[in-house]
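These notes concern the structure reproduced below.
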Amino acid sequence: MTNAQPRPPLLTDLTSSQVADAVRGRTVVWPIGAIEQHGPHLPLSVDLILAEGFATEIARELDAYTLPAQAVGARSLPQSGGGLYFPGTVYVAGDTLVRFLRETLTALAALPMARLVVVNGHYENEPFLFEALDQVREQGLFDGTEVFAFSWWSLARDTWTDAEIPAFPGWHAEHAGVTETSLMLHLRPDLVTDERPDHDNPPRAGVYLHPVDVEQTTHRGVLSSTSGSSAHLGEKLLRHVVDEATALVRDGSGLLFAQSSPDRRPGRRPDPRTADRSEGTTQ
Ligand SMILES: [Zn+2]
């Protein structure tokens with residue numbers, strides 16, 4: 001059982017005089033979450049707990065340090081998080097989040113780590129996280145550091161969801177649905193109640209609506225189905241995503257959409273500064 005293994009080391013347990021030597025040439029993993037309603041059966045901390053859960057396992061595989069998870073994220077939207085009509089969601093505005101992440105990443109980039117891996121657990125964080133990372137990159141602060149940032153569900157293969165989840169509604173509608181419920185049943189069953197609300201008509205992604213009727217877009221904050229959730233399914237999903245993430249970081253092999261590439265060479269990753277030139281003539 002993975003839970004019996006010791007936690008990967010926390011960067012913040014080091015002293016100031018230790019930290020530079022400790023992380024030189026190493027990988028640092030930072031989980032980013034949110035405090036957001038997740039229906040009547042899950043706690044407000046789901047996105048935080050799941051980002052931490054994935055980050056912990058990824059760090060273990062990569063012999064990496066972890067950072068304490070970032071708890072406050074972007075606002076909740078009706079078509080992907082249920083929206084702000086439910087009590088308990090704590091958020092900052094997008095421009096505040098970009099600035100916060102940019103300044104935090106700027107401070108982190110001063111450390112001589114080889115790799116930074118940011119694991120996002122909240123759907124609405126993603127564009128602000130990528131924007132902040134790109135602003136730091138534009139300043140040249142990541143010149144000696146490889147950066148990987150992804151929302152954990154982005155690394156789940158369509159083949160996996162097709163095989164494991166009947167009538168998969170799309171990741172935007174998985175809010176408080178079968179995948180998050182299953183992952184919580186695996187990682188923190190003590191925080192999951194017995195209710196399993198289903199919502200038969202998940203909202204479409206990428207549509208802004210005003211006014212919004214949350215009684216129609218959600219069932220008590222759940223956007224899709226929770227029936228069929230299990231700790232076993234959660235464990236399988238965790239393992240699948242961790243395998244994809246470690247392959248991506250180790251040799252870039254998880255980057256391609258195809259299930260596997262015939263010229264995949266474990267242990268080798270093209271230099272990002274020369275990859276475009278060697279790949280072909282389309283630029
Ligand atoms: Zn969530």
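Counting starts at 1 for both ligands and their atoms, in listed order. Sequence positions, counted from 1, serve as the residue numbers for this chain.
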For E61 and R239, what are the C-alpha separation, side-chain angles and deciding distance, and is it a salt bridge (charged side-chain N to carboxylate O under 4.0 Å, His left out)?
-> CA-CA 11 Å; E61 294 291 332; R239 204 64 252 161; 2.9 Å; yes
min-distance N/O/S atom, E180 vs the Zn ion (ligand 1), resolves to OE2
To the Zn ion (ligand 1), the closest N, O or S atom belonging to D47 is OD1
- Return yes if a side-chain donor-acceptor contact under 3.5 Å exists between R196 and T226, otherwise no. no
Review point. Heavy-atom count around Q216 CD within 6.0 Å, excluding the residue itself: above 12?
Key: no
**Message:** With respect to the Zn ion (ligand 1), please indicate if H38 possesses an N, O or S atom at a distance under 2.8 Å.
**Reply:** yes
Taking the six-membered ring for Trp and the single ring otherwise, decide whether the centroids of W153 and W160 are under 6.0 Å apart.
-> no
